[in-house]
Amino acid sequence: MNKRFTIKETKLPGLYTLKRTKIEDKRGSFARMFCDKELAGIMSDRSVVQINHTCTAEKSSVRGIHFQYPPFAEAKFVSCIRGRVFDVVVDLRRKSPTFLHWHGEVLSSENAMALFIPEGFAHGFQVMECNSELLYFHTSPYHMPSEGGLHPEDPKLAIQWPCPVINLSRRDAEQSFLDDSFTGLDL
Ligand SMILES: Cc1cn([C@H]2C[C@H](O)[C@@H](COP(=O)(O)OP(=O)(O)O[C@H]3O[C@H](C)C(=O)[C@H](O)[C@H]3O)O2)c(=O)[nH]c1=O
């Protein structure tokens with residue numbers, strides 16, 4: 001059987017795009033969403049401990065940008081199973097040569113693209129089609145006290161969102177902008 005994922009590293013070390021192989025026939029298509037054997041090279045000794053699902057109704061809505069502090073820092077495998085989103089990750093690893101750099105990737109059910117996001121990155125997305133749905137595979141359990149967040153319109157990040165940012169949760173809208181006191185995560 002041919003490989004089920006095409007894996008490529010991005011310009012942010014440790015962040016990978018994965019394109020699912022769609023097996024298509026007259027009924028439609030079949031794709032594998034996760035495979036510990038084929039993804040062992042990037043999953044390493046991590047395992048999936050939680051799977052979350054979000055549905056976001058209105059185009060231009062933004063969720064995020066979130067992360068968890070160590071020891072609850074998590075790797076996330078994010079896939080879009082309906083619609084289309086502009087997915088954004090920010091490198092928060094203090095020792096990284098790309099500290100505070102961001103990467104944007106269009107994930108859609110159509111392009112079958114996913115992101116593997118290692119520990120030390122913050123994640124958010126903007127909906128580009130209404131009623132878009134994401135699946136997240138997490139390698140660390142949700143731990144609310146360890147949650148951290150960045151404001152999606154933080155000038156220090158200068159994220160180029162494709163549409164005006166709307167529908168932020170109260171928590172996200174109230175995130176303060178980064179200042180020089182933020183030195184990142186020590187991972
Ligand atoms: C993340 C999470 C949340 N929750 C509860 C907490 C709230 O009562 C409710 C909604 O949480 P929140 O508003 O933080 O959901 P999002 O804004 O979609 O957050 C997510 O969106 C960004 C883009 C992400 O990458 C994270 O996976 C996640 O933080 O679900 C849970 O019960 N378990 C969880 O793992």
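Atoms within a ligand are numbered from 1 in the order they appear, just like the ligands themselves.
- Remark: the H101 side chain and the T98 side chain contain no N/O donor-acceptor pair separated by less than 3.5 Å.
- Donor-acceptor pairing under 3.5 Å is recorded for the side chains of Y142 and E147.
- For the pair R32 and E38, the salt-bridge criterion is not met [side-chain N within less than 4.0 Å of a carboxylate O].
- A search for side-chain hydrogen bond (donor to acceptor under 3.5 Å, both in side chains) contacts involving T17 returns nothing, not counting sequence neighbours.
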Pick out the protein N or O atoms lying less than 3.5 Å from any N or O of ligand 1, and list each pair with its distance.
{"from": "ligand 1", "atom 1": "14 (O)", "to": "R171", "atom 2": "NH1", "distance (Å)": "3.1"}
{"from": "ligand 1", "atom 1": "18 (O)", "to": "R63", "atom 2": "NH1", "distance (Å)": "2.8"}
{"from": "ligand 1", "atom 1": "19 (O)", "to": "H66", "atom 2": "ND1", "distance (Å)": "3.2"}
{"from": "ligand 1", "atom 1": "25 (O)", "to": "K76", "atom 2": "NZ", "distance (Å)": "2.9"}
{"from": "ligand 1", "atom 1": "25 (O)", "to": "H123", "atom 2": "ND1", "distance (Å)": "2.7"}
{"from": "ligand 1", "atom 1": "29 (O)", "to": "H66", "atom 2": "ND1", "distance (Å)": "2.6"}
{"from": "ligand 1", "atom 1": "35 (O)", "to": "Q50", "atom 2": "OE1", "distance (Å)": "3.1"}
{"from": "ligand 1", "atom 1": "35 (O)", "to": "N52", "atom 2": "ND2", "distance (Å)": "3.0"}

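- When all heavy atoms of S140 and Q68 are compared, the closest pair comes out as OG-NE2, 4.3 Å.
- Between the side chains of H103 and D91, no donor N or O sits under 3.5 Å from an acceptor N or O.
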